Amino acid sequence: MNKRLIIIDGNSIINRAFYALPEMTNKEGLRTNAIYGFTTMLFKIIDTYKPTHMSVAFDRKAPTFRHLEFDEYKAGRKKMPDELREQFEPLKDLLDKFNINRLEIDGYEADDIIGTVSRLGEENGYNVYIVTGDKDAIQLASDKTTTLITKKGVGEVEEYNFDSVMEKYEMTPTQFIDLKGLMGDKSDNIPGVPGIGEKTGIKLIKEYSSIENIIENVENLKGSVKKKIEENKELAIMSKRLATIIRDVPIEINLDDLEYGDYDKDKVIESFRNLGFTSLLSRLSSIDGGNETEEIESNLNIKKLENIDAFINDIKKEGKLYIDTVSRQGNILEKNIIHIFISVDGTNIYYINEEEINKLEEVLVSKEVKKFGYNLKEDYIALRPYNIKLENMHFDITIAEYLIDSASSTSYECSAIAMKYLTKKVKSKEELLGKGVKAKKYEDLELEELCDYIGKVINTVYEVYPIMEKSIKESEMDGLLYHVEMPLVEVLGEMEYQGIKVDKEKLHELGIEFKTIIKKLEQEIYDIAGEEFNINSPKQLGVILFEKLELPIIKKTKTGYSTNAEVLEKLRDKSPIIDKITEYRQIVKLNSTYVEGLLAIINPLDGRIHSSFNQTITTTGRISSTEPNLQNIPVKLEMGRNIRKVFISDESCSLVDADYSQVELRVLAHMSQDETMIEAFKNNEDIHTKTASQVFNVNMDEVTSKQRSDAKAVNFGIVYGKSDFGLSEDLHIPVKQAKEYIENYFNKYSKIKDFMDKVVENATENGYITTIQNRRRYIPELKSSNFMLRNAGKRAAMNAPIQGSAADIIKIAMVNVYKKLEERQLKSKLILQVHDELIVEAYDDEVEEVKKIVKDEMENAVNMDVHLDVDLNIGNSWYETK
DNA sequence: TTCCTCACG
DNA sequence: ACGTACGTGAGGAAA
């Protein structure tokens, strides 16, 4: 069998990778872009050339014979940036884990080691491949050695062997050395013959074949070339020597030691996880045959459940059930389940068809049976139209993974989780169903394919559970998972299933009203502009405002003029068109996003809107709402606020709206233990007035309304880590004055300053922040070398504990409110959450009880040194509950 | 798909 | 000096 030896120039490739890839860091803030690029290149090379032997050569710090011979060698090179330097050791570690040989030796460069090893390889009958980004290595190409030079970063390589070099450059690989001796090399600071460049160099080499021969025949040369050579004979010889790669470095090498093959896969997987290379885990199998994945899959036994009764006994005996439902696409209120897949041991997986769901009901609703799954909220909702409430949802791998790393850029898809924890191949939804308009639905799949997929999903849940469980315990988030996030799955599922009633007629009326105003404004804008154009196009609008009307350009975006609200505000008094545009924008937004958007999504069966509440989106722990987003329904301006009139309570019901008063500032007071602020809350003082009196040094009863509203801006600004500049913009005051406000603030609330500093310090050290419920958020940006990114990281670090703790609090309140309503067997339902606000649709005869429950549970969700305060409002529409 | 804009807490 | 508030989702334009 023919042996293939790959030798990689470690320094060259890591450099290429470093400069080719954008900054990347792992969770701890270690920069990883060069390691990542190196590894992808390594995989590609192994994949393509299937080496039997391999080695990576590195430069040593010590001076080489070249430096000794020529002081100026490689002088003037920029120092290696620390961002790259710190990646060397982790890369070498990784290579060791792959059992890939490494070579380095004092006094020689990686090039020389490569030259030596490649010679040894050739002599022992190997096919040799050299991988580098340095064209000098072309001199080593031969009929037995292929030099692979990276192109386009590290994405591709170009192959050079003897024939291809001859064809391309019309000279032999070794003649490249002579050419470089003549031309010199700027990057290595090799002088060459002054005045001789590529053109003349190639001409001379073609004619005389070597530097020595040129010198011998110098008399035959003409003119200035002759003179240049004559005067620089020594320089040319030395340059050639510097450019020559040494092929007999004094190093003991036994080629057998370079054998490539076995390595401890678990160790590599661990390293990849540490480095955050989850996407590379899947490629591990491709470079070593990948029989491991097949084995796991072939273990699975997936079939139709014949003896349901016996299996139900198994489930009850074990007290646990791995479950995944498969549904047709359809209305949330209708029965759409095709199959339910269930398992108790993770390998014997059974499915039942829709007709038999009721037989399973007993264990599904049993509180004694723990349910394990992937996206359990979907299963809960799917079962709901069958009047089955999935009980005791114990562990959901998406939610666990969200707690483990809420800031991870990867999705919480099963395929990604399987890859991260098991290095197991599970298809992504896109791979299974395709994407875009051609995407298939579950109901289009062959049963066999479906079984295979769902089987793997269930098996993944089974396999991943103990690993995740351990990790969550270690970071002390088990309480958060089992007492807050998992119980919340049912709460959110039920909220989605219930939805909120919408007055469709009213919404239509609003639409007509808005469209009339839009038409009118449109015409007025065209009149002022003197032409018709698309006002919705920032590009076209920019041309009208800044070219045709010649208004001053306040700000530019990457692609053109900025026309956002802030800019328009500054242009208000320059042209009457501005106010029209501002108003036009507002109403177009209301009409398209809220009127048209909401109309399109009202469920025809019950006239309600069923938004999705997502538990695994935000980095801070908040819930998000989609299709539609019910968390950004207008409220600030009266025109927009009218939209809230269409969200109404059902017959014989009212909406009970409860919102926390200043929850984030209370959390801040508690976490920072700032006495002044705690005291203010204890005395039920108005916190903005209090802040005004502190910042502006006046008595509480002398605070003007302007001062109060400025203080409010300062309070909010602090929570976000706002700068003096930002505050000055908001308050339209000089930066200097804003700076004073902030300094005053931190002087008076001195513990808050300490707290903020401490948070950033801890976060920089640990890599993450924590909330009052121990929720974690990693902030790798804190270790960025990029000033802007690092500052953004600091602000995130200051804000996340506050926002995240507030999210913890309302989540606990939601779970407790939900439980209480259930316990008391009330028909009233929790239907909406907007970060610090809960809405219950309460039956009129239950309103008083509901009010009490909601206020009580919200105010007592957690125990802090500052009490929580909830405002209650009742109405028949969301608009009325203000 | 990306950018810009803007709605919310 | 840097560039300037955290966290979201959605619609429309343009590429």
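Values below: every heavy atom of this structure, side chains too, minus hydrogens, waters and symmetry copies. These numbers were taken from a predicted model, which means no experiment stands behind them. In what follows, chains are A, B, ... by sequence order, proteins preceding strands, each numbered from 1.
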In whole angstroms, the gap separating P of B/dC8 from CE of A/Met639 amounts to 13 Å
- Message: Are A/Leu551 and A/Ile578 packed together at the side-chain level, in the sense that at least one heavy-atom pair is separated by less than 4.5 angstrom?
- Response: yes
Taking B/dC8, C/dC6, B/dC6 as options, the one with an atom nearest any side-chain atom of A/Val635 is B/dC8
Dot-bracket for DNA chain C, 5' to 3', Watson-Crick and G-U pairs with both distances under 3.5 Å, [ ] for crossing pairs, | for partner on another strand, reads .....|||||||||.
- Query: How far apart are the C-alpha atoms of A/Phe681 and A/Leu665, what are their side-chain angles, what is the distance that settles it, and do they pass the side chain to side chain contact (heavy atoms under 4.5 Å, CB included) test?
  - Reply: CA-CA 9 Å; A/Phe681 280 120; A/Leu665 287 175; 3.8 Å; yes
Pairwise P distance for B/dC4 and C/dT4, with rounding to whole Å: 13 Å
Take the angle between the ring planes of A/Phe716 and A/His688 and call it parallel below 30°, perpendicular above 60°, tilted in between.
tilted
**Report entry** Cation-pi geometry met for A/Lys882 and A/Tyr879 (6.0 Å, 45°)
**Finding:** yes
| request: Could you label the plane-to-plane angle of the A/Phe546 and A/Tyr561 rings as parallel, tilted or perpendicular, counting under 30° as parallel and over 60° as perpendicular? | output: tilted
- prompt: How would you label the contact of A/Ala800 with the nucleic acid (heavy atoms, under 4.0 Å): base, sugar-phosphate, or nothing?
  reply: nothing
Under 4.0 angstrom between A/Arg795 side-chain N/O and C/dG7 OP1 or OP2 | no
For nucleotides 8-15 of chain C, 5' to 3', base contacts (B), sugar-phosphate-only contacts (S) and non-contacts (-) with protein non-hydrogen atoms under 4.0 Å give SBSSSSSS
Here the distance between atom C1' of B/dT5 and atom CD1 of A/Ile535, to the nearest Å, is 15 Å
Rounded to whole Å, NZ of A/Lys555 lies from C1' of C/dT4 at a distance of 11 Å
Taking any heavy-atom pair under 4.0 Å as a contact, classify A/Arg622: base, sugar-phosphate, or nothing.
base
- Query: Would A/Lys570 and A/Glu729 pass as an ion pair if we require N to O under 4.0 Å?
  - Reply: yes
Between CG of A/Asn591 and P of B/dT5 the distance, given in whole Å, is 20 Å
Query raised in the report: Is the Lys NZ or Arg CZ of A/Arg776 less than 6.0 Å from the centre of A/Tyr768's six-membered ring, within 45° of the axis?
Result: yes
Rounded to whole Å, CH2 of A/Trp878 lies from P of B/dG9 at a distance of 8 Å
A/Arg775 atom CZ is separated from C/dG7 atom C1', nearest whole Å, by 13 Å
Quick note, A/Tyr720 side chain, CB onward, closest among C/dG7, B/dG9, B/dT5 is B/dG9
Rounded to whole Å, the CD1-P distance (A/Ile769 to C/dG7) equals 11 Å
Among C/dG7, B/dT5, B/dA7, the one nearest any side-chain atom of A/Pro634 is B/dA7
Would you classify A/Arg641 as touching base, sugar-phosphate or nothing, given that sugar-phosphate means primed atoms plus P, OP1 and OP2, and contacts are heavy atoms under 4.0 Å? nothing
To the nearest angstrom, the CG-P distance between A/Leu832 and B/dC8 comes to 15 Å
Worksheet entry | Sugar-phosphate only, base, or nothing, as touched by A/Val719 at under 4.0 Å among non-hydrogen atoms | nothing
